[in-house]
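Reading through the structure tokens given below for one structure.
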4 protein chains.
Amino acid sequence: MARNVIRDEKVREERKQLIMDSVLQLIVRKGVGSLNISEIAKEAKLSVGNIYNFFKSKDEILDEILRKGQEEYRVFVTKVAEREDITPIEKLHFICSSWLSLKNNWAFTMMIQSIRMNETVREELKTVITRRFTQNLQPIEKIMKEGQEQEIIINENPLELAYYFVSLIQGLTLQQIPSNSVPVKMNADGIIHLFMKK
Amino acid sequence: MARNVIRDEKVREERKQLIMDSVLQLIVRKGVGSLNISEIAKEAKLSVGNIYNFFKSKDEILDEILRKGQEEYRVFVTKVAEREDITPIEKLHFICSSWLSLKNNWAFTMMIQSIRMNETVREELKTVITRRFTQNLQPIEKIMKEGQEQEIIINENPLELAYYFVSLIQGLTLQQIPSNSVPVKMNADGIIHLFMKK
Amino acid sequence: MARNVIRDEKVREERKQLIMDSVLQLIVRKGVGSLNISEIAKEAKLSVGNIYNFFKSKDEILDEILRKGQEEYRVFVTKVAEREDITPIEKLHFICSSWLSLKNNWAFTMMIQSIRMNETVREELKTVITRRFTQNLQPIEKIMKEGQEQEIIINENPLELAYYFVSLIQGLTLQQIPSNSVPVKMNADGIIHLFMKK
Amino acid sequence: MARNVIRDEKVREERKQLIMDSVLQLIVRKGVGSLNISEIAKEAKLSVGNIYNFFKSKDEILDEILRKGQEEYRVFVTKVAEREDITPIEKLHFICSSWLSLKNNWAFTMMIQSIRMNETVREELKTVITRRFTQNLQPIEKIMKEGQEQEIIINENPLELAYYFVSLIQGLTLQQIPSNSVPVKMNADGIIHLFMKK
DNA sequence: GATGAATGAGAATTCATTCAT
DNA sequence: GATGAATGAATTCTCATTCAT
């Protein structure tokens with residue numbers, strides 16, 4: 001009997017997504033260090049060998065997660081930057097609080113940093129990640145410029161400000177380890193306040 | 001002839017320091033992921049077995065590096081906070097630029113984050129690191145308070161400001177991977193400016 | 001409507017042959033080591049599972065290739081031996097140059113040797129291959145005898161001569177790896193000359 | 001206590017030789033197909049991990065065996081070719097019967113052919129093996145020339161004769177699978193006779 | 001203290017075969 | 001018949017740690 005090709009493809013995509021989600025879940029629950037194929041398989045309720053029907057290697061899974069994550073972030077942040085119904089401050093606020101509120105973002109930032117730190121070999125992956133990171137600064141830079149034109153954001157090089165903004169958010173994200181987070185509240189208002197004229 | 005116990009102890013300490021330095025060197029050159037005992041031994045020009053005459057385990061080496069690093073940082077930052085000959089802004093500037101200029105700080109920050117991310121087991125080590133991190137916020141908090149009294153630093157919760165300050169510096173540090181750093185300049189002036197009244 | 005059983009059987013045989021041809025193609029292109037079911041399936045443009053509708057196992061495919069190959073060789077060499085229109089020398093020449101000119105023979109010899117070398121388990125398959133090899137010496141032996149009667153072939157035990165003749169051809173075949181063949185010309189004349197009285 | 005460096009090096013060489021011998025033993029007993037690290041370790045009575053203290057990979061073991069084997073053969077055959085106390089026929093006889101009498105030679109020839117057949121990847125190893133094979137034809141070629149000058153060896157291109165001689169011996173060797181050898185006697189006299197004027 | 005061989009548990013990956021659709 | 005996801009055993013290699021010398 002002929003298979004339904006479209007349905008098959010959809011199931012396949014769902015399986016890939018299931019595996020990628022399982023990786024992020026595992027990171028949230030057990031940390032980056034315990035990422036191994038058999039744990040991933042257990043989390044996804046697949047057999048070890050079956051994972052390899054969807055991804056060529058463990059690295060490919062991680063690469064794909066990062067690619068997707070950075071891409072989604074790019075789309076998100078670009079859309080926010082282009083909105084005309086809210087002020088630059090509201091835009092920053094929106095970006096900042098969305099980021100800090102998502103569990104996955106923490107795991108995702110962990111992964112990025114972990115790869116940039118860990119891998120000796122995959123120099124080209126690190127380069128790609130860094131390049132995408134740099135590109136993703138541009139929408140934020142645009143928001144900063146907009147804010148400067150409206151005299152709400154302080155007058156520094158807007159790309160530099162974007163860089164500080166993102167690094168600050170990432171730095172804060174890294175402190176939020178589920179079991180051991182630093183006992184200091186953080187709030188989007190306070191963070192954005194740093195970038196405003198007073 | 002009786003052994004010179006004090007001298008022996010000194011040699012022993014030097015060896016331990018040699019091993020710990022080798023670890024940081026390796027992280028700078030090859031990343032956290034390729035840290036293993038035989039590489040460490042090669043870097044330190046000792047034999048594998050001999051490493052275990054100075055440390056009980058690989059973990060103990062890492063723990064000790066972190067302990068020492070955080071301790072030195074604590075001493076440094078406390079001293080800076082207590083100085084009476086410079087302004088709070090100058091203090092922040094001093095801390096910020098010292099931190100960003102040292103190669104070892106990068107490797108060290110890597111290690112901290114790596115351990116906080118990686119280890120599933122040693123929950124208590126992560127707790128210790130986080131506790132020390134939190135304690136080390138206090139001198140910065142004090143500087144912030146001082147700056148607020150002098151009406152130079154913005155009026156936010158000073159502990160929160162300290163937290164942002166340190167997270168920002170750490171976030172920036174993590175972008176500075178030797179081979180793949182983000183092509184955006186950063187300068188202490190710009191960073192501190194964020195925390196100043198304008 | 002009743003199925004056309006004969007036609008079905010023919011299609012089935014074609015499929016089996018397609019699979020076996022694909023195996024030999026793969027060996028020529030990629031070597032014996034990379035033979036695996038999914039590669040075979042890809043080469044034959046069938047699905048993995050479907051292969052198992054025609055053969056019970058991978059081993060069965062190999063067995064069948066060997067059986068057919070040795071059988072065809074037997075028929076070929078027997079026919080040549082029985083011809084009355086050409087001299088024994090011409091017979092040897094014919095056998096020798098046919099063998100050396102076919103790409104498939106190289107892959108086929110590879111397979112035989114590979115199985116004889118590789119398999120620990122299927123002792124009985126190796127025995128079968130060796131028995132058929134020995135049987136296939138007989139037509140050659142007959143040609144040698146014929147040549148000796150005509151005083152063209154040297155006077156040694158004709159079975160031994162047949163054995164040398166075939167081993168020599170196989171030995172030469174094995175040197176002819178597509179990408180790395182030994183840079184020495186070989187020609188049927190020279191080879192047969194060894195077995196002739198001079 | 002200081003170690004005896006020279007002794008250590010000797011022990012190390014013995015271990016490497018033990019491992020290489022174990023590989024050849026295994027091939028003789030179980031065939032090329034069952035060569036795997038854990039079998040090798042068992043045969044050598046070492047632990048799996050320990051194998052890797054002496055060789056970087058399984059491939060390195062095989063490479064080293066081949067290198068040594070081809071080198072020893074080169075030395076052997078060169079020495080024989082250069083002898084002045086025996087006739088060319090005696091030289092060929094010596095080479096032929098030494099080769100056919102050694103168990104290891106069979107395993108060794110198996111290995112060479114197996115590698116040339118199996119590996120898709122290690123193109124450069126195959127090239128090296130083929131190059132050395134070709135070089136090792138030269139001493140035989142020299143013997144053939146010498147025989148031709150003395151009008152004992154038939155008048156064909158001596159390099160071609162050498163090629164046939166070696167291929168024939170290899171072809172015969174491959175038939176000598178311990179458990180399934182072809183039931184035809186072979187003898188050095190008969191083989192060499194093929195190359196003699198009659 | 002110094003050395004590096006020895007160990008063994010685990011990691012990633014491959015692959016023949018089965019099975020639900 | 002046709003498909004390719006699913007399985008799990010087997011394989012290569014790594015590495016922290018121990019131990020005899």
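Convention: sequence-line order gives letters A, B, ...; per-chain numbering from 1.
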Worksheet entry | Residue list, side chain to side chain donor-acceptor pair (under 3.5 Å) with C:K68, at least two apart or on another chain |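 Partners of C:K68 by the side chain to side chain donor-acceptor pair (under 3.5 Å) criterion, ordered by chain and then number, come out as C:Q17.
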Discussion item. Would you say that A:E9 contacts A:R12 through its side chain, given a criterion of any heavy-atom pair below 4.5 Å between the two side chains?
Written reply: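 Contact flag for A:E9/A:R12 side chains = yes.
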Worksheet item: Could you write nucleotides 10-17 of chain E as a row of B, S and -, 5' to 3', where a protein heavy atom under 4.0 Å of any base atom gives B, of only sugar-phosphate atoms gives S, and otherwise -?
Response: -SSBBSSB
Worksheet item: Can you list the stems that DNA chain F is part of, where a stem is at least 3 pairs in a row, each Watson-Crick or G-U, with both distances below 3.5 Å?
Response: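 Output for stems: E:2-21 with F:2-21.
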Side-chain donor-acceptor contacts of residues 44-53 of chain B below 3.5 Å, not counting sequence neighbours, with atom names and distances?
{"from": "B:S47", "atom 1": "OG", "to": "B:N50", "atom 2": "N", "distance (Å)": "3.3"}
{"from": "B:N50", "atom 1": "OD1", "to": "B:N53", "atom 2": "ND2", "distance (Å)": "2.8"}

Worksheet item: Is the base of F:dA6 touched by the side chain of A:N53 through a donor-acceptor pair closer than 3.5 angstrom?
Response: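 Per atom types, the contact qualifies.
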Worksheet entry | Lys/Arg N to Asp/Glu carboxylate O, B:R67 vs B:E64, below 4.0 Å |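 Counted as a salt bridge, because a side-chain N and a carboxylate O are separated by less than 4.0 Å.
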Worksheet entry | Any D:R12 side-chain nitrogen or oxygen under 4.0 Å from OP1 or OP2 of E:dA5 |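 Checking D:R12 against E:dA5: at least one side-chain N or O falls below 4.0 Å of OP1 or OP2.
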Measure from [atom1] on [X] to [atom2] on [N] and round the result to the nearest Å.
{"X": "A:L46", "N": "E:dC19", "atom1": "CG", "atom2": "P", "result": "19 Å"}
{"X": "A:K42", "N": "F:dA6", "atom1": "NZ", "atom2": "C1'", "result": "18 Å"}
{"X": "B:I51", "N": "F:dC19", "atom1": "CD1", "atom2": "P", "result": "18 Å"}

Practice prompt. Mind checking B:F55 for me? I need base, sugar-phosphate or nothing, with any heavy atom below 4.0 Å counting as a touch.
Written response: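 Contact class for B:F55: none.
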Worksheet entry | Closest-nucleotide ordering on DNA chain E, the 5'-leading residue of B:K45 and D:F54 |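 Counting from the 5' end, the first nearest nucleotide belongs to B:K45.
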Discussion item. Going by side chain to side chain donor-acceptor pair (under 3.5 Å), name the pairs with one or both residues in residues 35-44 of chain D, residues two or more places apart or in two chains.
Written reply: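 Side chain to side chain donor-acceptor pair (under 3.5 Å) check on residues 35-44 of chain D returns D:R29-D:E43, D:K30-D:E39, D:N36-D:S38.
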Fill in: Pairing residues for A:S57 by the side chain to side chain contact (heavy atoms under 4.5 Å, CB included) criterion, not counting sequence neighbours
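A:D59, A:E60.
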Worksheet item: Which nucleotide sits closest to the side chain of B:R15: E:dG8, F:dG8, E:dA2?
Response: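 Between E:dG8, F:dG8, E:dA2, the one nearest the side chain of B:R15 would be E:dA2.
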